[in-house]
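Each remark here refers to the structure printed beneath this line.
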Amino acid sequence: MPEGPSIVILREAVSRFARKKVLHATGNAKIDMKRMENKTIRSIQSWGKHLLISFDGFYIRIHLLMFGSYLINEEKKTKLRL
């Protein structure tokens, strides 16, 4: 299970995307992906086992569950969750 230190490592790895605009969002998460498009990421934070991506007026909360994984600037052949 991802613990606090691995979430902090993830936060540091994705911190370069803070203050960047989301051009396109896809995945099979049950949220409105269009809400993120053309919005600027205000900050990326970690809280316990959660990664928080902050936009103006809302957050995206990511929990990696038991065996969560992530890719940064890589492609995956199967469907992505977010």
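The structure displayed is predicted, hence computed values, not measured ones.
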**OP:** Before giving the answer on side-chain contact (heavy atoms from CB on, under 4.5 Å), spell out for Ile62 and Leu10 the whole-Å C-alpha distance, their side-chain angles and the decisive distance to 0.1 Å.
**Re:** CA-CA 11 Å; Ile62 299 170; Leu10 172 59; 5.8 Å; no
Only distances under 3.5 Å count here; give the side-chain donor-acceptor pairs of residues 12-21 to other protein atoms, sequence neighbours excluded, each with its distance to 0.1 Å.
residue: Ser15; atom: OG; partner: Glu12; partner atom: O; Å: 2.9

**OP:** Working to the nearest 0.5 Å, report the span between CD1 of Ile41 and CD1 of Ile60.
**Re:** 9.5 Å
**OP:** With sequence neighbours left out, write down each residue that passes ring pair (Phe, Tyr, Trp, His ring centres under 6.0 Å) with Phe55, or none if nothing qualifies.
**Re:** Phe58
Original post:
Do the side chain of Glu37 and the main chain of Ala25 share a donor and acceptor less than 3.5 angstrom apart?
Top reply: yes
Subject >> Pairs involving residues 29-49, ordered by first then second residue, that meet ring-ring contact (aromatic ring centres under 6.0 Å, His included) (sequence neighbours left out) >> reply: Trp47-His50
Original post:
Does Asp32 have any side chain to side chain contact (heavy atoms under 4.5 Å, CB included) partners at least two apart in sequence or in another chain, and if so, which?
Top reply: Lys34, Arg35
Original post:
Salt bridge between Arg42 and Asp56, side-chain N to carboxylate O under 4.0 Å?
Top reply: yes
Original post:
Linking I/L/V/M/F/W/Y whenever their side-chain heavy atoms sit closer than 4.5 Å, directly or via other members, would Met33 and Leu23 fall into one cluster?
Top reply: no
Original post:
Once you round to the nearest 0.5 Å, how far does CD1 of Ile9 lie from CD1 of Ile7?
Top reply: 9.5 Å
Original post:
Between OG of Ser6 and CZ of Arg11, what distance do you get to the nearest 0.5 Å?
Top reply: 12.0 Å
Original post:
Who passes side chain to side chain contact (heavy atoms under 4.5 Å, CB included) against Ser43, sequence neighbours left out?
Top reply: Gln45, Ser54
Subject >> Shortest non-hydrogen contact between Val22 and Met36, atoms and distance >> reply: CB-O, 3.4 Å
